[in-house]
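A quick write-up on the structure given underneath.
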Amino acid sequence: MSQIVGKPLYSREFHLWHRRLTRALATSIFTPFQPASAKHFGVQSTSHFSDLTPGGLTLALYNEKVIDHYQNPRNVGEIESADALGVAENSACGDILHLYLKIDGDRIVRASFKSFGCAAAIAAGSVLTEMVTDRTLEEMKAITKQAVDDALGGLSPMKVHCSVLAEDAARAALDDYHSRNPLHPTAINNI
Ligand code: FES
């Protein structure tokens with residue numbers, strides 16, 4: 001086996017970053033959300049490099065609210081025979097969010113989500129389920145990426161785009177519901 005001698009392959013900065021990354025993974029910051037089964041992938045962190053940088057574990061990028069939703073995501077999983085399903089994907093990073101809604105008349109009585117994404121995407125999906133539950137469809141239309149960002153206490157500029165995933169999933173769920181119920185008043189008002 002050949003051996004490389006001479007100049008170190010990696011810089012000291014890279015070495016320190018790699019050591020932090022290894023320690024973070026070892027302390028399972030990124031492991032509690034592995035899928036329990038293929039059917040219930042729940043939330044799965046993709047541990048983006050944007051979450052882990054040479055500057056250190058960038059959980060420092062996240063406020064307590066975001067970390068709480070990331071570590072204790074609310075309303076995870078599918079709703080069987082959901083009345084609406086919104087699927088959103090960020091084509092740049094590949095993160096995915098599925099939003100499930102149970103709707104009674106004009107009101108969202110239950111919401112859940114599944115995500116394969118960065119910490120902010122998971123937090124955004126979690127907070128979105130809280131934001132839409134017990135809201136009317138008309139009120140749900142007003143949910144924007146800014147509202148999601150505000151509900152999370154403000155994402156860092158590097159992560160603010162992750163709230164777009166939540167807005168897109170909410171829009172997609174509304175579109176899905178309207179396509180299934182074209183005569184619903186909120187669908188008619190959309191025309
Ligand atoms: Fe892709 Fe956050 S980095 S949604």
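This one's a predicted model, so the numbers in the text were calculated from it and none came from an experiment. Both counts, for ligands and for their atoms, begin at 1 and track the order of listing. Residue numbers run from 1 in the order of the sequence given.
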Short N/O/S contact of C162 with atom 2 (Fe) of ligand 1 (below 2.8 Å): yes
Within-4.5 Å side-chain heavy-atom neighbours: K102 and S81: yes
Sidechain N-carboxylate O distance under 4.0 Å for R110, D83: no
Salt-bridge criterion met for R180 and D176 (N-O under 4.0 Å): yes
side-chain contact (heavy atoms from CB on, under 4.5 Å) assessment of C118 paired with C162: CA-CA 8 Å; C118 70; C162 308; 3.6 Å; yes
Interfacing atoms of ligand 1 (cut-off 4.0 Å, heavy-atom, K159): 3 (S)
Which of the ligand 1 atoms, numbered from 1, are nearer than 4.0 Å to a heavy atom of C93: 1 (Fe), 3 (S), 4 (S)
Per-atom contacts of ligand 1 with H161, taking only distances under 4.0 Å to non-hydrogen atoms: 2 (Fe), 3 (S)
Student check: side-chain heavy atoms of L128 and F113 closer than 4.5 Å: no
Numbering as shown, the atoms of ligand 1 that approach C118 to under 4.0 Å (heavy-atom distance): 2 (Fe), 3 (S), 4 (S)
Atom of D95 nearest atom 1 (Fe) of ligand 1 (restricted to N/O/S, atom name only): OD2
